[in-house]
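From a predicted model like this one, the values you see are computed outputs, not experimental measurements. Side chains are part of it too, since the values below use all heavy atoms of this structure and drop only hydrogens, waters and symmetry mates. Each residue takes its place number in the sequence, starting with 1.
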Amino acid sequence: MTLIYFILILGIVVLIHEFGHFIFAKKAGIYVYEFSIGMGPQLLKFHRKNDETEYSIRLLPIGGYVQMAGEEIEEDDDIPKEKQMIHKKWYQRFLTVIAGIMFNFLLAIVIFFIVGLVNGVPTETTTVAEVTKNSAAYKAGLQKGDVILKINDKNIVSSDHLMLLVQVNGKDKMNVTIERDGKEQAIQITPKKVKTDGQVTYQYGFSLKNHLVHNVWMAIQYGFTKMFSLIHQMILIIWYLLIGKLSLSSLAGPVGIYSVVDQTAKAGFLNLVYLVGFLSLNVGFINLLPIPAFDGGRLLFLIIEKIKGSPVKPKIENTVHAIGFVFLMILMVVITFNDILRLLH
């Protein structure tokens, strides 16, 4: 069942992303060779009546693509120029490229709304609900009812932000500013080292107060606020990766996602639905970054074209994307290797 869930979840996320590209390409009159879900050898393919596009499902459920005429800044003599992406207006090309990202964000908002509607909207709070006796937080003096305001002098903007800062802090002593009885206090928590099944973790021993509110309007708000909260987290994660606060081992590839799907499935169906939204947001966010070979890289070249008033030389753009793709494949191998090591432990 985990394998089925894994294929369905990735399939939905990729389908939505590629469907965004596809819809806007068709709307712009761009010739689409193929709409594919999955990578590798074809399992199934078909054509619709009066439609040039080949629709296919491929063996590996780790991606997908929409192949368009003129997308790679190259002419195709068999396709009329007016149907090639390279000859379309700037705004048409821009919308076609960014559409996949926008569809991923929209899917995330809809799913977070559904989860909030069905399960209730969790209140955003940084108030301490429980402190485990004899834990690191207990020994530091943290008490039930304390409101956590800052961690290591960084203002807390949400419970998601708080938990990320705790994770990034790792084994180091953590400076915490709390509010107790209307007054601010500073305490220091040194996390407790715990080894379980060969894996070392650092535990603090406190939980945050949380209760669920069932309200349609709040569920709508939750769809948007949860999205922006997670995007804020993702921006911080990228920053912490760049400055070395987080290592590549904290990232997950297909193997790691499979493991997450397995754990999430045990927690219930609604958690799997939430995971679809979370992964969709991740795919949209990663594609928004100005990384060569990703949508964000193509958007960057379109923005440069707009600023300078003429397209970047095709040879330069294709070379940059090719080099970027090689580095991405190397990064994927490293991340997958780390995923496998985690599973073996």
- Message: Regarding Tyr202 and Asn169, do their side chains bring together a donor and an acceptor under 3.5 Å, going by distance alone?
- Response: no
- Partner residues of Ile238 under the side chain to side chain contact (heavy atoms under 4.5 Å, CB included) criterion, sequence neighbours left out: Leu242, Phe285, Leu289
- Return the set of residues passing side chain to side chain contact (heavy atoms under 4.5 Å, CB included) with Leu236 (not counting sequence neighbours), or none when no residue passes. His161, Leu164, His232, Tyr240
- Where do Ser310 and Lys308 come nearest, in terms of heavy atoms and distance? OG-NZ, 2.9 Å
- Atom NZ in Lys27, atom CG in Leu95: separation rounded to 0.5 Å? 10.0 Å
- Message: Measuring from atom CD of Glu179 to atom CD1 of Ile148, what distance do you get when rounded to the nearest 0.5 angstrom?
- Response: 12.0 Å
- Message: With ring pair (Phe, Tyr, Trp, His ring centres under 6.0 Å) as the rule and sequence neighbours excluded, what pairs involving residues 288-328 come up?
- Response: Phe301-His321
- Message: So if I apply the side-chain contact (heavy atoms from CB on, under 4.5 Å) rule between Asn119 and each of Ile114, Leu212, Val273, which one comes out positive?
- Response: Leu212
- Query: Given the rule in the side chain to side chain contact (heavy atoms under 4.5 Å, CB included) test, do Leu299 and Ile101 qualify, once you have shown the distances and angles that lead to the verdict?
  - Reply: CA-CA 11 Å; Leu299 288 171; Ile101 298 167; 4.0 Å; yes
- Listed by chain and number, what are the side chain to side chain contact (heavy atoms under 4.5 Å, CB included) partners of Leu230, not counting sequence neighbours? Phe112, Asp160, Lys226, Gln233, Met234, Tyr274, Phe278, Leu281
- Message: For a quick check under 3.5 Å, do Thr127 and Thr125 share a side-chain donor-acceptor pair by atom type?
- Response: yes
- Message: If I take atom CG from residue Leu275 and atom CZ from residue Phe269, how far apart are they, to the nearest 0.5 angstrom?
- Response: 11.5 Å
- Decide yes or no on side-chain hydrogen bond (donor to acceptor under 3.5 Å, both in side chains) for Glu34 and Tyr65, but give the supporting numbers first. CA-CA 8 Å; Glu34 184 180 358; Tyr65 57 87; 3.2 Å; yes
- Message: Run the ring pair (Phe, Tyr, Trp, His ring centres under 6.0 Å) test against Trp239 and tell me which residues pass, sequence neighbours left out.
- Response: none
- Polar contact flag, side-chain donor to acceptor under 3.5 angstrom, Gln67-Ser36: no
- Residues two or more places apart in sequence or in another chain: which of them pass side chain to side chain donor-acceptor pair (under 3.5 Å) with Gln221? none
- Item | Interatomic spacing from CG in Leu44 to CG in Leu59 - rounded to 0.5 Å | 12.5 Å
- Got a sec, which residues hit side chain to side chain contact (heavy atoms under 4.5 Å, CB included) with Val276, two or more places apart in sequence or on another chain? Ile9, Ile12, Val13, Leu107, Ile111
- Hey, could you give me each pair passing salt bridge (Lys or Arg N to Asp or Glu O under 4.0 Å) that has a residue in residues 251-273? Not counting sequence neighbours. Asp262-Lys266
- For the pair Arg48 and Glu54, find out whether any cationic side-chain nitrogen is under 4.0 Å from an anionic carboxylate oxygen. no
- For Glu52, salt bridge (Lys or Arg N to Asp or Glu O under 4.0 Å) partners two or more places apart: Lys26
If you look only at distance, which donor and acceptor atoms sit under 3.5 Å apart when one is on a side chain in residues 129-144 and the other is two or more places apart or in another chain?
from, atom 1, to, atom 2, distance (Å)
Ser135, OG, Thr132, O, 2.6
Ser135, OG, Tyr138, N, 3.3
Ser135, OG, Gly205, O, 3.4

- Task: Please assess Lys306 against Trp90 for the test side chain to side chain contact (heavy atoms under 4.5 Å, CB included), listing each intermediate value before the final yes or no.
- Result: CA-CA 8 Å; Lys306 193 69 173 176; Trp90 185 89; 3.9 Å; yes
- Query: Can any side-chain N or O of Ser229 pair as donor or acceptor with the backbone N or O of Thr225 at less than 3.5 Å?
  - Reply: no
- Task: Would you mind listing the cluster partners of Val147? Hydrophobic ones only (ILVMFWY), side-chain contacts under 4.5 Å, chaining allowed.
- Result: Leu149
- Item | Members sharing Leu106's hydrophobic cluster (side chains within less than 4.5 Å) | none
- Any side-chain donor paired with an acceptor under 3.5 Å for Asp295 and His21? yes
- Query: Looking only at atom types and distance, does a side-chain atom of His17 sit under 3.5 Å from a main-chain N or O of Asn104, one as donor and one as acceptor?
  - Reply: no
- Task: First locate atom CG of Asn175, then atom NZ of Lys154, and finally report the distance between them rounded to the nearest 0.5 Å.
- Result: 10.5 Å
- Task: Identify the two heavy atoms, one from Phe105 and one from Gly284, that lie closest to each other, and give their separation to 0.1 Å.
- Result: CE2-C, 3.7 Å
